[in-house]
Amino acid sequence: MSKLSQCLLSSFVISFLTPILWGQSISSVSAKPKPKPAQINSPQPKTENIYEKAKKELPEDLYVVYRIVDRLARANNLDRTPWRIAVIQEYNVNAFATDQNLIAVYSGLLDQIEGDASAIACVVGHEMTHHTQRHIAMGEAEKKALVEKYTQEAELEVKQEAQSTVQEATGASFGGALLQGLGGMFGGIGSSVGNLAGGTLNTVSQQRVEDGKKRMAEIVKQKQEELEKKNGENDRHQELEADQIGYQYMAKAGFDPQGCLRMMEVLGRMPGSEMDTTHPATRKRLTQINSLMTEKPASILSQEGKLRLDTSKPLTYSLSRDDKSLRVNSQYGGSSADTIDKMF
């Protein structure tokens, strides 16, 4: 695979605060309950006792995230399939969405907004949006499409310049010398155009060969920069969308919308938050949230969510089969075996 392709087809993770955490592994998260993992799969109590049981059984941070996911999912009709949650025991002020329905929060972020459940709900709502809007799945597909598009364009330019050089030349083994070094930069492109210039040309100077190599490297760099620019624009658009929908998720669930502003205050203290990176500058995110609070008042959104909350039951939980994350079960429960027994 070319250097350009490797740059764009890394494992896809979307984070809330800091730049995207490429290659974050689920193996680093902790979601095990206070007692032993087996207890978490014990029969669930009656619905009125689920939260009480969870508070006793789960670590405090995981309990908080579970309660928030439970409320957001039910209030927004997002409880038809399970969610997975985890708390990473590392002092990093961040959270991310990755894999299938996984939301992970660093303990450092929870520490920075300790006591402010609404601020945490804003973060969780943001990460849930990355899943519901298919940012992760679409992101990988779009990146692959961009790689193919720009690789084809770069290949065409390489061919055209190689043909032009061959036509101008009067001799020397130009093709092999020029294109030999291109394979490492652009995968199979060197081999795909080598035949165009592979003949024996008797008078092409070594300088021409070196100039050709330099030009090919410039094409690769130019295309890489174009890809990074396009990718950055797409990432920032997705982050603003996650802020927008995440705010609505948390407001419908009855949380204080000001929690999003308080979370942004924490973000605003971090280095680089004043600039557009993979995420928009904090001031842009704050401006959007303030506008949303006027356009879509939390008092109205919460009424819609309250109806769903009043007509649904608290979601149960289980240890995920990966043994590393907590599964917040869907409205259908945590046991397919129990479900089919009840049906038939």
Side-chain angles (χ1 to χ4, degrees), residues 15-17 50-52 54-55 58-79 83 85 87 93-97 103-133 239-270 273 279-315 328:
S15 64
F16 179 71
L17 301 175
I50 288 177
Y51 297 150
E52 181 180 348
K55 193 167 186 178
L58 301 177
E60 182 175 342
D61 287 347
L62 195 59
Y63 169 75
V64 170
V65 179
Y66 155 65
R67 287 294 310 272
I68 289 172
V69 169
D70 162 76
R71 195 167 181 88
L72 292 178
R74 291 165 54 215
N76 292 280
N77 198 28
L78 301 175
D79 58 350
W83 291 89
I85 59 176
V87 175
V93 185
N94 207 351
F96 62 87
I103 297 170
V105 183
Y106 283 95
S107 59
L109 182 145
L110 296 175
D111 186 62
Q112 288 291 317
I113 51 179
E114 183 65 47
D116 193 345
S118 293
I120 301 173
C122 185
V123 174
V124 174
H126 176 104
E127 301 305 337
M128 291 178 82
T129 301
H130 282 313
H131 286 297
T132 60
Q133 300 307 114
E239 293 304 323
L240 288 174
E241 184 176 43
D243 283 346
Q244 179 184 27
I245 298 177
Y247 156 77
Q248 295 177 65
Y249 284 168
M250 63 93 74
K252 286 181 182 180
F255 289 98
D256 176 12
Q258 295 285 333
C260 285
L261 298 180
R262 294 191 291 270
M263 187 64 252
M264 289 301 163
E265 289 177 7
V266 173
L267 170 60
R269 304 184 198 125
M270 299 180 68
S273 62
H279 291 58
T282 305
R283 59 181 173 78
K284 294 181 181 179
R285 301 174 75 177
L286 276 168
T287 298
Q288 176 178 254
I289 292 172
N290 276 308
S291 296
L292 282 169
M293 292 172 67
T294 301
E295 296 169 7
K296 300 179 182 294
S299 58
I300 296 177
L301 293 172
S302 63
Q303 292 176 12
E304 180 183 341
K306 186 176 185 301
L307 178 62
R308 292 196 179 106
L309 288 167
D310 289 344
T311 56
S312 62
K313 297 179 180 180
L315 301 177
V328 181

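Here the straight-line distance linking atom CD of Gln288 with atom CG of Leu286 works out to 10.5 Å at 0.5 Å rounding. Atom-to-atom distance recorded for Leu292:CG and Gln248:CD is 6.5 Å, nearest 0.5 angstrom. Taking CZ of Arg285 as the reference point, atom CD of Glu239 lies at 6.0 Å (rounded to 0.5 Å). Rounding to the nearest 0.5 Å gives a distance of 11.0 Å between CZ of Arg71 and CG of Asn76. Note that the SG atom of Cys122 and the CG atom of Leu72 stand 10.0 Å from one another [nearest 0.5 Å]. Rounded to the nearest 0.5 Å, atoms CG (Leu240) and NE2 (His126) are 9.5 Å apart.
Of the possible polar contacts, one joining the Tyr247 side chain to the Lys296 backbone as a donor-acceptor pair under 3.5 Å is found.
Using a 4.0 Å cut-off between charged side-chain N and carboxylate O, Arg262 and Asp256 make a salt bridge.
Residues Phe255 and Ile120 have side chains not in contact (no heavy-atom distance under 4.5 Å, counting atoms from C-beta outward).
Between Tyr63 and Tyr66, the angle of the ring planes lies from 30° to 60°, which puts this pair in the tilted group.
Minimum heavy-atom separation, Ala97 to His131: CB-NE2, 3.6 Å. Leu109 approaches Val105 most closely through the heavy-atom pair CD2-CG1, 4.0 Å.
No option in Val124, Leu78, Leu315 other than Val124 meets the side chain to side chain contact (heavy atoms under 4.5 Å, CB included) test with Val69.
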